[in-house]
There are 2 protein chains.
Amino acid sequence: MHDVAAAAGVSQATVSLVLNSASGSRFSEDTRRRVQDAVDRLGYRTNAHAKVLRGGVAGMIGFVGDFVASSPFAGRIIEAAQDRAWESGLLLLTVNTGGDRALEAASLETMLSYKVAGVVYASMYHQLLDVPEVLGEVPSVVLNSEDRDGRFCSVAPDEEEGGYTATRHLIAAGHTRIALINNDVLESGLPAAVGRFAGYSRAMQEHGLEVNPDFVRFGHGAEPDGFEHATSLLTAACRPTAIFCGTDRMAWGAYQAAATLGFSIPSDLSIVGFDNQETLAPHLRPALTTLELPFEAMGRRAVDLVLQGTEPEGRVELMECPLIERNSVTHPKEMP
Amino acid sequence: MHDVAAAAGVSQATVSLVLNSASGSRFSEDTRRRVQDAVDRLGYRTNAHAKVLRGGVAGMIGFVGDFVASSPFAGRIIEAAQDRAWESGLLLLTVNTGGDRALEAASLETMLSYKVAGVVYASMYHQLLDVPEVLGEVPSVVLNSEDRDGRFCSVAPDEEEGGYTATRHLIAAGHTRIALINNDVLESGLPAAVGRFAGYSRAMQEHGLEVNPDFVRFGHGAEPDGFEHATSLLTAACRPTAIFCGTDRMAWGAYQAAATLGFSIPSDLSIVGFDNQETLAPHLRPALTTLELPFEAMGRRAVDLVLQGTEPEGRVELMECPLIERNSVTHPKEMP
DNA sequence: CATCAGAAGTTATACGAATAACCTATGAAG
DNA sequence: CTTCATAGGTTATTCGTATAACTTCTGATG
């Protein structure tokens, strides 16, 4: 900047004021032009560090995730957060810890020493997290999970509402014998599993349908679970006309089971998934009706809250999981 | 740091020297302890911006991608780059431009004003890129693509070798009638398409097998292409005993075609894919033998080159695509 | 006793930008 | 002719750290 000043024949202060001051015509047109020319000629670029050093806060937000970046699932969450940050002129300093607490601590220290404007602390799936204390030093938001101690506010999918929406969609299509293949509720205790099950139960009860214990199955999210439970359900004496699967991958397993047993989807069996995995759900035959995890919305909202700064403690903001209608649901056939 | 100095009853310079100097015992043990105590008590953390301002280069590397972060494909490339950077104590400043050149230019400017140690310029798929000139100001490497003007060095998958490996694997299993369903070579001109086709051709010729034009099909990478071409190939008078598919998704389409026509994989038809998409290839039945795009290796290598700094101009470093053997390849049956 | 080497710190300054406070013509008003 | 407002700048200082150069003291040596 001193070089620019010299080239333009003015003082460094003048250059700074010309370049930054939105406040009217403090300087003559001539001076402004000379400064601008010098800037262009010398290819001057401001040094962000000097600016931060003086101003206090950097134009960066920290994004710390466990496996978020590597997960095909949630990569979009980073993109959304970054988009939102950029709209406010901020860049994202991202770290994928891979679950390594030491790396996590070290990179948080580094981020804080870079005076980030705030931190988004994200997880690959909806769970209860032990959030590092150090995040208290700066506006921080937990993303796609919740703070176990309730000190930080968080943004997460509304699993219960999602389970309710999925089940009600099947009920609305005329189904009454609706099975659930879900992640294990007791074993995992995950909000995702617990919430979806609760939503399923609520929808059934609200519509006067009994939750048949034989129709509620638990797995671990992968397609073999879907395959086995669906096979068992479809070969039982009293078989369901629809299955709500807690993950798209288990839904895929159910598809394979149906194909193996000669049941046709959706005419013999309706299926609703969960996750709207873009590499899977739209490509199944028939394309899978499922619920979308609102990654974009959550990523944006988390940055919103960070920028807002002064958040009420520990509030959990639940975001709606929209139903993505495709071709795996129809009316049940009349059955004996 | 002045506060720490005051609390420890020494000068600021002493604090700085005690905290940084690896160079032996310049200070008494007592002083060191007092400084360290003060640091701990006050929770002092160094200001990275002041450090950079004095030292010149920041502990950050810029990572600019088009759609990399959102692609389920290549998210791991970021993780690998970040891991490698962190091993050298650097953080990644990531931006996903979504193909927006204005955003790209703006974020590059911002990165440069943050004095990044270098920039990794990544693309979602292997293509020839117009790399922004401004990257010349700092050590930069093109990742998963190549610089059209050959000024920057780049790291990309060795598509030709990959196509060769896949084809030779089928030949080694005893196949001679090997079809190719590839991305369109002429239309796209993509290194991925051109290279894999070239590798296929070379393997065939080297083993004295003729490339049958009827056996070479072009699509656009999605599973309907695989489905249609495989259907056509399998219903022809002279049908192949193996298909090499240029993408896993087209391989999936081929699976569906085979199932529809009553061909069993691998006993009636062997298939090799490309991409090793983790959400697809291992989960198909039978699990798909395919080639892996070396995202981790490339991501690490790109950061290596950036840190190395002084690279020969325009060198393209091709990285091997390893064969991932699963269950979709076996010997051909004796056929009439 | 003069001299000197080393140990243990301190002082002063630079990095690059922002900004409060100050300076100096110029012309207009009283 | 004095006074003074204003346009159009400049000077000096601040942010937090690193480090070259300097100081001071202590004990040892010839």
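Every value quoted in this text rests on a predicted model; they were computed, and no experiment measured them. The figures here come from the full heavy-atom set of this structure, side chains too, leaving out hydrogens, waters and symmetry mates. Chain letters run A, B, ... following the sequence lines, proteins first, then strands; residues in each count from 1.
Listed candidates were C:dA17, C:dT10, D:dT10. Nearest to the side chain of A:Tyr44 is C:dA17.
Under 4.0 angstrom from either OP1 or OP2 of D:dG9 there lies no side-chain N or O belonging to A:Ser11. Taking 4.0 angstrom as the limit, A:Thr14 places none of its side-chain polar atoms (N or O) nearer than this to OP1 or OP2 of D:dG8. Residue B:Tyr114 places none of its side-chain N or O atoms closer than 4.0 Å to OP1 or OP2 of C:dG16.
A donor-acceptor contact under 3.5 Å links the side chain of B:Gln12 to the base of D:dA18.
For B:Asp83, the salt bridge (charged side-chain N to carboxylate O under 4.0 Å, His left out) criterion is met by no residue, not counting sequence neighbours. Legend: residues meeting salt bridge (charged side-chain N to carboxylate O under 4.0 Å, His left out) with A:Glu292, ordered by chain and number and at least two apart, are absent. Listed by chain and residue number, nothing satisfies the salt bridge (charged side-chain N to carboxylate O under 4.0 Å, His left out) test with A:Asp40 (two or more places apart in sequence, or in another chain). Residues satisfying the salt bridge (charged side-chain N to carboxylate O under 4.0 Å, His left out) test with B:Glu79, not counting sequence neighbours, are none.
B:His2 places its NE2 atom 12 Å from the P atom of C:dT10, with the value rounded to the nearest Å. Rounded to whole Å, atom P of D:dT17 lies 9 Å from atom CG of B:Leu19. Computed from coordinates, the B:Arg34 CZ to C:dA8 P distance equals 13 Å when rounded to whole Å.
Screening residues 44-70 of chain A for ring pair (Phe, Tyr, Trp, His ring centres under 6.0 Å), with sequence neighbours left out, gives A:His49-B:His49, A:His49-B:Tyr114.
Listed by residue number, the members of residues 45-58 of chain B with any heavy atom below 4.0 angstrom from DNA chain D are B:Arg45, B:Thr46, B:Asn47, B:Ala50, B:Lys51, B:Arg54.
A side-chain donor-acceptor contact under 3.5 Å links A:Ser11 and A:Thr14.
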